[in-house]
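Taking it in order: structure first as structure tokens, then the write-up.
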Amino acid sequence: MPDIPSDQILTSQGADLSEGRAPLLLIACGALAHEVLALKRLNGWQHIELLCLPAILHNTPERITPAVTAAVEAQRSRYERIMVLYGDCGTGGLLQAECDRLGVEMLPGAHCYAFFDGVETFAARDEITAFYLTDFLARQFDAFVWKPLGLDRHPELLPMYFGHYESLVYLAQTEDPALTARAQEAADRLGLAFTRRFTGYGDLATALERTAK
């Protein structure tokens, strides 16, 4: 199995870990690379390969659909099947429509928070004043939140961006005290109450398990 790139590379560049030797290619957000490769290793799945697009695309959702389209069209001839590991991710339904047009499956749910927590469970919680982190986002909080919003330069903007939130919910994929501490620190910096919720791999694991059958 190819070595996983650093979080910085997964954020800014993505990673092509495909070799064209398996029947199924997963085109995923770079923020899911650790989880996909962990599931592949734990289950001994040899039928899947992985191509990760830059995780930072989430900060400009209008770029996600064109990037997915380009990846599918570039890789289609090498694989029997392609699956897109994104939720809607702020595309307003455009990504689902494009995946339908391309004839490829994508994950259910609005975003990775929903499918880690379980799509139905997440919807039922209706936590409209919660800000979420995953393992990846706990590690990359500065790259995705603090610096892009300019809070490193203008901390006075914090109430404008986060004044309507009440809590930071850390959806943990792993039992990692160091990551919990980083998520707690992020909550403290944002002035939000902190909750940790262990989800494991949630509906991501379920979706990938189906591909093995």
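Keep in mind that the numbers below use all heavy atoms, side chains included, and drop hydrogens, waters and symmetry copies.
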Locate the shortest heavy-atom distance separating [X] from [Y]; write the atom from each residue and the value.
| X | Y | value |
| --- | --- | --- |
| Tyr113 | Leu137 | OH-CD1, 3.3 Å |
| Leu85 | Ala28 | CB-CB, 3.7 Å |
| Ala31 | Ala55 | N-CB, 3.6 Å |
| Pro61 | Gly90 | CB-O, 3.5 Å |
| Ala71 | Leu51 | CB-CD2, 4.0 Å |
| Phe198 | Gln173 | CE1-O, 3.5 Å |

Is it true that the side chains of [X] and [Y] contain a donor and an acceptor less than 3.5 Å apart?
| X | Y | value |
| --- | --- | --- |
| Gln140 | Thr11 | yes |
| Thr199 | Asp117 | no |
| Asp176 | Thr174 | no |

Could you state the interatomic distance from [atom1] ([X]) to [atom2] ([Y]), rounded to the nearest 0.5 Å?
| X | Y | atom1 | atom2 | result |
| --- | --- | --- | --- | --- |
| Ile27 | Ser18 | CD1 | OG | 9.0 Å |
| Leu39 | Leu50 | CG | CG | 11.0 Å |
| Leu94 | Arg101 | CG | CZ | 12.5 Å |
| Glu35 | Cys112 | CD | SG | 8.5 Å |

Q. Hey, mind stepping through Thr211 and His47 against side-chain hydrogen bond (donor to acceptor under 3.5 Å, both in side chains) and telling me if it holds?
A. CA-CA 8 Å; Thr211 71; His47 69 290; 2.8 Å; yes
Does [X] reach the main-chain N or O of [Y] with its side chain, forming a donor-acceptor pair under 3.5 Å?
| X | Y | value |
| --- | --- | --- |
| Arg76 | Leu102 | yes |
| Lys40 | Gln46 | no |
| Glu49 | Arg21 | yes |
| Asp203 | Phe116 | no |
| Asp88 | Gly92 | yes |
| Tyr170 | Thr195 | no |
| Thr60 | Arg63 | no |

Please determine if [X] and [Y] form a salt bridge, counting it only when a charged side-chain N lies under 4.0 Å from a carboxylate O.
| X | Y | result |
| --- | --- | --- |
| Arg125 | Glu120 | no |
| Arg196 | Glu175 | yes |
| Arg182 | Glu185 | no |

(Q) Ring-plane angle category for Phe162 and Phe131, please: parallel below 30°, perpendicular beyond 60°, tilted otherwise. (A) perpendicular
Q. Parallel, tilted or perpendicular for Phe144 and Phe136, by the 30°/60° rule?
A. perpendicular
Q: Establish, yes or no, whether a centroid distance under 6.0 Å links the rings of His34 and Tyr201.
A: no
**Q.** Check: Phe122 ring centre within less than 6.0 Å of Tyr132 ring centre
**A.** yes
Q) Is any side-chain heavy atom of Phe141 less than 4.5 Å from a side-chain heavy atom of Lys147? A)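 A side-chain contact is absent here, since even the closest heavy-atom pair is not under 4.5 Å.
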Q. Do Arg139 and Leu179 touch side chain to side chain, with heavy atoms closer than 4.5 Å?
A. yes
Q: Would you check, one step at a time, whether the test side-chain hydrogen bond (donor to acceptor under 3.5 Å, both in side chains) holds for Glu98 with Thr65?
A: CA-CA 7 Å; Glu98 182 65 357; Thr65 301; over 6 Å; no
